[in-house]
Amino acid sequence: MISPIQALQEQRRLLQIEYEEEKKAFSDVTARIGITRLADRGNAWLDIAVVRSFYNSLNQRVIEITRSDSDSENDHNFEYGRPVAFFTISDEKSDMPSFPFTGTVSYVDGDRMVVAIPESADLSRLSTSKSAGVMLSFDETSYRTMFEALERTINAKGRLAELRDLFYSKRHASELTFSPLGFPYLNRTQEIAVNKVLQAKDVAIVHGPPGTGKTTTLVEAIAETLRRESQVLVCAQSNMAVDWICEKLVERGVHVLRLGNPSRVNDKMLSFTYERRFESHPDYPDLWGIRKTIRELRSNKRKGSDQWHQKMDRLRSRATELEIRINQDLFNSAHVIASTLVGSSSRLLDGMKFSTLFIDEAAQALEAASWIPIRRAGRVVFAGDHCQLPPTVKSYEAMKAGLGKSLMERIVENHPEAVTLLTMQYRMNHEIMKFPNRWFYGNAMEAAPEVRHRGILDYDTPIEWIDTVEVDIAKDVDSNSQEVENSFRETLAGESRGRINRDEAEFTVRTLRAYIEKIGKQRFLDERIDVGLISPYRAQVQYLRALIKRTPFFRQFRHLISVNTVDGFQGQERDVIVISLVRSNDEGNIGFLRDLRRMNVAMTRARMKLIIIGDVGTLTRHTFYRYLYESLNHSTSTLDEIT
């Protein structure tokens, strides 16, 4: 058995492979597919305009930009903390000349983005350009932070070394001993989980399958921990996950200080961010005035004089004093400091230690990312579900060698005594829950009485799989044989854009329309029945969005219909879910549909109705899909085979 240090050195090697693979792929794709396709993928904005340049409350030079090529049906991948580069599109050239500076997204709101840029950046050409754009740049900072975290953990002494050695061994995790507390508003396994968190000296894991109230349990565990500790650190892999837990904590009355800006920009979310709190502090106007004077002095032609230097020193000293005072007030008054895993490396947290660190959605984080905040903690509480979305790994070599295993999953294997599985789910009809429950969770989950039999229509089938081969025959009964052979087949959606099945997408939209008509248009609107269209492939998602947008029938229902990838629906739920699986070929190739955790996520978003659309002949060559299809045809013997 290898030592913890050897294991972490292997993690570092695999992360280096992933870094090189992702950097090369980013450069190759950017150079090959062109800027229009980058914009289609959500990785670029075209035709931007610089609205203004100013200094934000954190004394960063920023520019506000807007785009005129927006399409409300297309999402984008810009969010707080991501690096960006600016470019122009020349009529005479096909390349994309870059400006000699990069920036970092401060926040995005619709078609408006604020980007922090270097103090020395020359904006004159960008401000006057008629063909400027902004694109995502390769994220060196996140990788650098993860490498530093691994290096620090490998060479650690003290508490970080103790946690490292414990997590990589099967030595029993230490616990406090006291009588369990009662929480009448939690169910039995949620109550056990909260007590497990309170008793843990080293580590605790809240394993929350879909719909089991993981966030409710985690919020309660944090609130109870704060009865014993003055402050905790709460982290998650994504900005969206941090936003969600922050919002629930604020609703509970917990004073949260959120480092970084939220993915959804509104007054409620912004009110507990560090930047908004900083500029709301009583001392901030004085600090702003001093900073403004410093900037004016820098542009003074007489800045070489002794008097100039003395004045600058006095102003800088006073600014530093005010900044320290404001930060002390903000951090001392907060019960929860919240950030992404990478964001926990912020200089604002330098020197800070926390008795307890909570990591939400921990199963989606690379192990290296989880180690970033652990250095600040005495004990760690992980929450998530390693049977749902795994960490994102681009390199097949690194994935195969183990980079895709999260630290939470490693601890689940080594320390089952630290894990509490939440078992009562409050989302899905029992029939929708049945197969994922048996395949992924050993039949441990139970549907709460209030959701067990709920549905939209009387005598409806809560879950069904429509075989596109059967639809194919019905649809093309009057067509010639060549058309029948070619319909409902997957194709490549252009270079490097993934798989698409246009006939299946069109049938998916027709199926949704038929179901809405069956419910009744007015009832659908009155009861605000919401729908999710899911496909594992981005190209299929974009085609489905276009179909919904251009079909007049859906105009009045569009606000109730969401179309996205599996990853885009993580953590969400809908009354009706329709899944388009896309793959249809003679060889039985199903690509990354073999990652069954994504299918688990897709299926378990549905509350009352789940419709799966796909080629049974192609998909059921894989054991999981064969068992799923047979289980929907009420094959009890097949279900009994699943362990």
Side-chain angles (χ1 to χ4, degrees), residues 37-43 70-79 82 108 110 136 210-211 236-241 243-244 262-265 361 364 385 388-390 392 427-428 432 436 490 493 497-502 504-509 511-513 515-516 528-551 554 557-583 591-593 595-614:
R37 292 267 295 280
L38 279 178
D40 289 342
R41 292 183 173 196
N43 292 340
S70 63
D71 182 347
S72 61
E73 295 299 315
N74 286 336
D75 57 358
H76 62 75
N77 301 316
F78 292 93
E79 64 174 337
R82 299 204 66 175
V108 188
L136 288 173
Q237 170 68 14
S238 67
N239 278 297
M240 190 175 295
D243 294 345
W244 181 248
S263 55
R264 290 181 291 125
V265 178
E361 300 295 0
Q364 293 183 47
D385 180 10
Q388 294 189 65
L389 290 181
T392 300
R427 175 185 299 164
M428 294 166 276
I432 297 172
E490 65 181 77
R497 288 193 66 194
R499 305 283 169 169
I500 190 169
N501 189 326
R502 290 179 174 84
E504 183 176 293
E506 289 164 9
F507 176 72
T508 299
V509 171
T511 301
L512 176 58
R513 174 174 179 164
Y515 195 69
I516 292 174
R528 298 186 62 80
I529 296 170
D530 53 1
V531 175
L533 291 184
I534 301 179
S535 179
Y537 293 92
R538 182 176 289 275
Q540 187 83 341
V541 165
Q542 291 177 342
Y543 191 61
L544 284 166
R545 282 179 178 156
L547 289 174
I548 293 290
K549 184 178 181 181
R550 70 173 183 241
T551 304
F554 292 106
F557 308 118
R558 221 179 279 165
H559 64 291
L560 296 170
I561 300 172
S562 305
V563 188
N564 216 328
T565 59
V566 178
D567 295 49
F569 270 100
Q570 172 72 7
Q572 301 183 41
E573 57 187 75
R574 298 291 187 272
D575 294 323
V576 180
I577 289 290
V578 185
I579 305 173
S580 170
L581 292 175
V582 176
R583 301 310 297 261
F592 70 88
L593 290 182
D595 186 348
L596 305 182
R597 291 173 290 187
R598 279 189 160 77
M599 193 60 186
N600 183 29
V601 173
M603 294 176 66
T604 55
R605 302 308 95 194
R607 299 187 191 106
M608 294 181 276
K609 178 70 174 182
L610 173 61
I611 303 172
I612 301 168
I613 297 173

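None of the values given here were measured: they were computed from a predicted structure. Just so you know, these numbers use all the heavy atoms, side chains as well, and skip hydrogens, waters and symmetry mates.
- Each of Ile432, Val576, Ile534 was checked for a side chain to side chain contact (heavy atoms under 4.5 Å, CB included) with Arg605, and the lone residue meeting it is Ile534.
- Every residue two or more places apart in sequence or in another chain that forms a side-chain hydrogen bond (donor to acceptor under 3.5 Å, both in side chains) with Asn239 is listed here: Glu79, Arg258.
- Under the rule for a salt bridge (Lys or Arg N to Asp or Glu O under 4.0 Å), the partners of Glu361 that lie at least two apart in sequence or sit in another chain are Lys214.
- Take Asp595 and apply the side chain to side chain contact (heavy atoms under 4.5 Å, CB included) test, not counting sequence neighbours, and it matches Pro390, Arg597, Arg598.
- With sequence neighbours excluded, the residues forming a ring-ring contact (aromatic ring centres under 6.0 Å, His included) with Phe78 are Trp45, His76, listed by chain and number.
- Here Gln540 pairs with Ile500, Asn501, Glu504, Ala505, Ser535, Tyr537, Leu544, Ser580, Val582 under the side chain to side chain contact (heavy atoms under 4.5 Å, CB included) rule; sequence neighbours left out.
- Distance check, rounded to the nearest 0.5 Å: CD1 of Ile577 to CG of Leu610 gives 7.5 Å.
- Taking the side-chain hydrogen bond (donor to acceptor under 3.5 Å, both in side chains) definition, one finds that Ser238 meets it with nothing, sequence neighbours left out.
- Residues passing the side chain to side chain contact (heavy atoms under 4.5 Å, CB included) test with Ile611 are Glu464, Ile466, Thr511, Val578, Lys609, Ile613, sequence neighbours excluded.
- Within the cation-pi definition used here (under 6.0 Å to the ring centroid, within 45° of the axis), Arg513 does not qualify as a partner of Phe554.
- Between Tyr543 and the choices Arg502, Glu506, Arg538, the side chain to side chain donor-acceptor pair (under 3.5 Å) rule is met once, by Glu506.
- Not counting sequence neighbours, Thr604 has no partner by the side-chain hydrogen bond (donor to acceptor under 3.5 Å, both in side chains) test.
- Closest of all the heavy-atom pairs between Arg427 and Pro210 is NH1-CB, 3.6 Å.
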Please step through side chain to side chain contact (heavy atoms under 4.5 Å, CB included) for the pair Val531 and Leu560, ending with a clear verdict.
-> CA-CA 6 Å; Val531 175; Leu560 296 170; over 6 Å; no
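- In this structure Arg607 satisfies the side-chain hydrogen bond (donor to acceptor under 3.5 Å, both in side chains) test together with Asp530, Glu573, Asp575, sequence neighbours excluded.
- Annotation: the span from Gln570 atom CD to Thr565 atom OG1 amounts to 10.5 Å, rounded to 0.5 Å.
- With rounding to the nearest 0.5 angstrom, the CD atom of Gln542 is 12.0 Å from the CG atom of Leu547.
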Kindly determine whether His559 and Arg528 satisfy side chain to side chain contact (heavy atoms under 4.5 Å, CB included), including the steps that lead there.
-> CA-CA 9 Å; His559 64 291; Arg528 298 186 62 80; 3.9 Å; yes
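- Scored by the ring-ring contact (aromatic ring centres under 6.0 Å, His included) test, Phe557 finds Phe524, Phe553 as partners (sequence neighbours excluded).
- Rounding to the nearest 0.5 Å places CD1 of Ile612 at 5.0 Å from CD1 of Ile579.
- Asn600 approaches Pro436 most closely through the heavy-atom pair OD1-CB, 3.7 Å.
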